[in-house]
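We're numbering straight along the sequence, starting at 1. From a predicted model like this one, the values you see are computed outputs, not experimental measurements.
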Amino acid sequence: MITLNCFLPYNNPELWDTTIKNLEKNSLVKHIFLISENTIYLPNKKCSQLKQQNIFSTKTIHLISENAKTNYSVLFTQEARIEFAYFGLERFIDIAENTRAGLLYADYLELTATGTNSHPTIEYQKGSLRDDFNFGPILFFNSNLLKKAAQSIKELHNFAGIYQLRLAISQIGDILHIPEILYSISEQDNRASGKKIFDYVDPKNREVQIEMEKVVTNHLKEHGGYIAPTKNEINFTQSDFDIEASVIIPVRNREKTIADAIESVMLQKCSFNFNLIVIDNYSSDGTSAIIKDYTEKYASIIHIIPERTDLGIGGCWNTGVHHEKCGKFAVQLDSDDLYKDETTLQQVVDAFYKEKCAMVIGSYQMTNFKLEEIPPGIIDHKEWTYENGANNALRINGLGAPRAFYTPILREIKIPNVSYGEDYAVGLAISRKYKIGRIYNPIYLCRRWEGNTDASLSIDAMNKHNFYKDKLRTIELEARISIQ
């Protein structure tokens, strides 16, 4: 007879009453392990306690493995009211029995105060290396593969155990997405997507990030894709440019913010000559007129309306970078953001010459429309190091801002013609061959307001973005393996 054991974090018993009662009634469930370091009351005879502090530690994963004595093991990764759909658990088993999957996950329903929302998850790829990949709160394991994967994990971590486990499983079996709603969960985090995406850079999570970086680095070393620190340094004296630096702003319908962005460029005080290239992607509001007024005031502003009408942000960047008046260094500024002060451009160019690098990435400060700081405050991406940044880049979803590039290399690589992730794609490709310089003090103001494209995305939009970045990582991982 096919049976399974369930493992769940048990610090808030009131959340689990219904879930545990339903699991107890199901004849497929042999045992329910409650993970808690506190002394607890066992709700029924199927329950036992695993005395561990949290489910994310490597010790907990090893303990789960030791008790995975049934065909399958179900790990609940969140404390919440969770209920399987009608024959949902049976559906997991049916698919597991007919595949070589080591880990299965499914779509689910979120029960909110205002109603019920479906939450589709996305396909797992070879490049799905980010530690915040959303499997949903239920992980369904083939117990034999779970134990085999757990036995291969030697390094102990407090927070990266589940991450270690699923990377290990990806090497010995499939990680399978079931595109069906197989359970429901009461919503626990109702923040907008624009706030959730910065959780991983919250300073209080720094210890977690260090562990995750160690895990992904070991994974890349063992299975291919690891990049040793590069020795490729750029000799900037060999390039011939009339302009030292060009700020590039792609823009479409930003009449509320484009003037502020332009002004922040024109206020720059530099020891070199620079210009501003604005690629006006067929704005239909007052943006074009505002830009035109500024070109009459400043001769160093180049206003381009592309010949093509099929350009995303990446295509606009290509247009600016390949313009004959683009400078030696191409420096990013989004149309609704600003440089922090008059020294930003000088700091960026100085970093290029100091580091002899192909790309420089700064740090930024999150603000509201009035330029008042909002959480999480300063985003400095201190997880980047010269020694290991190129490898950790495959784990995180972005590299920071502002981004600046040595123009000849950017012209060679070219930017994907998309409007999300185009900068990340270029950063990955550059880090494979060249050094990336960092500025850790904030030099950029990133404004959050209702007009931002990623301020509050739908689940489908977030999934589309995450799938694309996973695909970029898959492509990059294959490229790195091929040069080993």
Are the ring centres of Phe405 and Tyr434 closer than 6.0 Å?
no
Thr407 (side chain) donor-acceptor with Gly327 (main chain) under 3.5 angstrom
yes
Per side chain to side chain contact (heavy atoms under 4.5 Å, CB included), Lys471 is matched among Gln125, Lys126, Glu476 by Gln125
Would you check if the side chain of Lys469 reaches a backbone N or O of Asn397 as a donor-acceptor pair within less than 3.5 Å?
yes
Strictly below 4.0 Å, N to O, side chains only: are Arg254 and Asp336 in salt-bridge contact?
yes
Ala330 versus Ile248, closest heavy-atom pair with distance:
CB-CD1, 3.9 Å
Is a donor on one side and an acceptor on the other found under 3.5 Å between the side chain of Glu355 and the backbone of Arg438?
no
Output the distance between atom CD (Gln365) and atom CG (Asp380), rounded to the nearest 0.5 Å.
11.5 Å
Determine whether the side chains of Asn253 and Thr287 contain a donor N or O and an acceptor N or O closer than 3.5 Å.
no
For the pair Phe352 and Phe236, name the ring-plane relationship: parallel under 30°, tilted 30 to 60°, perpendicular over 60°.
perpendicular
Working to the nearest 0.5 Å, report the span between CH2 of Trp449 and NZ of Lys370.
15.0 Å
Option passing salt bridge (Lys or Arg N to Asp or Glu O under 4.0 Å) with Asp131 (candidates Lys214, Arg395, Arg166)
Arg395
Determine whether a donor-acceptor pair (N or O, by modelled atom type, separation under 3.5 Å) exists between the side chain of Asp337 and the backbone of Arg447.
yes
Please confirm whether the backbone N or O of Gln151 pairs with a side-chain atom of Lys154, one donor and one acceptor, at under 3.5 Å?
yes
For the CG atom on Asp242, are there more than 12 heavy atoms of other groups (residues, nucleotides or ligands in this structure) within a distance under 6.0 Å?
no
Quick one: does any side-chain atom of Asn391 pair with a main-chain N or O of Ile227 as donor and acceptor, under 3.5 Å?
yes
Just by distance, with hydrogens left out, do Gln484 and Tyr226 show a side-chain donor and acceptor under 3.5 Å apart?
no
For His381 and Leu399: C-alpha separation, side-chain torsions, deciding distance, then whether side chain to side chain contact (heavy atoms under 4.5 Å, CB included) applies.
CA-CA 7 Å; His381 284 276; Leu399 298 177; 5.9 Å; no
Nearest heavy-atom pair of Glu211 and Asn158: which atoms, and what distance?
OE2-N, 3.0 Å
Is it the case that Arg480 and Ser431 place a side-chain donor and acceptor less than 3.5 Å from each other?
yes
Do Phe56 and Phe159 make the cut of ring centroids closer than 6.0 angstrom?
no
Atom pair CG/OG1 of Asn441 and Thr343 - distance to nearest 0.5 Å
7.5 Å
Spacing of Gln52 atom CD and Thr60 atom OG1 [to the nearest 0.5 Å]
4.0 Å
Mark yes or no for whether Tyr163, through its side chain, and Leu129, through its backbone, hold a donor-acceptor pair below 3.5 Å.
yes
Polar contact flag, side-chain donor to acceptor under 3.5 angstrom, Ser128-Asp470:
yes
Please tell me whether Ser239 and Tyr406 have a donor and an acceptor in their side chains that are separated by less than 3.5 angstrom.
yes
Please determine whether ring-ring contact (aromatic ring centres under 6.0 Å, His included) holds for the pair Tyr108 and His119, giving the CA-CA distance in whole Å, both sets of side-chain angles, and the decisive distance to 0.1 Å.
CA-CA 5 Å; Tyr108 55 98; His119 196 128; 4.7 Å; yes
For Thr58 and Glu155, which I'm curious about, is there any donor-acceptor pair between the side chains at under 3.5 Å?
no
Spacing of Ser264 atom OG and Lys340 atom NZ [to the nearest 0.5 Å]
12.5 Å
Under a 3.5 Å distance rule, please check whether His62 uses its side chain to pair with a backbone N or O of Ile153 as donor and acceptor.
yes
Straight-line distance of Tyr339 OH to Ile443 CD1, nearest 0.5 Å
8.0 Å
Under a 3.5 Å threshold, yes or no: a donor from one side chain and an acceptor from the other, between Asn235 and Glu233?
no
Polar side chain donor-acceptor pair, Arg403 to Tyr424, under 3.5 angstrom
no
Main-chain N/O of Asn12 paired with Glu79 side-chain donor or acceptor, under 3.5 Å:
yes
Take Asn388 and Glu213 through the side-chain hydrogen bond (donor to acceptor under 3.5 Å, both in side chains) test and state the conclusion after the steps.
CA-CA 9 Å; Asn388 201 47; Glu213 179 174 352; 2.9 Å; yes
Of all heavy-atom pairs between Ile361 and Gly400, which one has the smallest distance, and what is that distance?
CG2-C, 3.5 Å
Distance-only donor-acceptor check, side chains Gln209 and Asn205, under 3.5 Å
no
Counting only N and O atoms by type, is there a donor-acceptor contact under 3.5 Å from the side chain of Asn142 to the main-chain atoms of Leu145?
yes
Step through the shown structure and confirm whether more than 12 heavy atoms of other residues, nucleotides or ligands are within 6.0 Å of NZ on Lys147.
yes
Is the ring pair Tyr298/Tyr294 parallel, tilted or perpendicular, if the boundaries are 30 and 60 degrees?
parallel
Begin with the C-alpha distance, continue with both residues' side-chain angles, and end with the deciding distance and a verdict on ring-ring contact (aromatic ring centres under 6.0 Å, His included) for Phe329 and Phe241.
CA-CA 9 Å; Phe329 304 111; Phe241 286 85; 8.3 Å; no
Glu222-Asn218 side chain donor-acceptor pair, cut-off 3.5 Å
no
Which is it for Ile234 and Ile409 under the side chain to side chain contact (heavy atoms under 4.5 Å, CB included) test, yes or no, and what are the steps along the way?
CA-CA 10 Å; Ile234 308 295; Ile409 289 177; 3.6 Å; yes
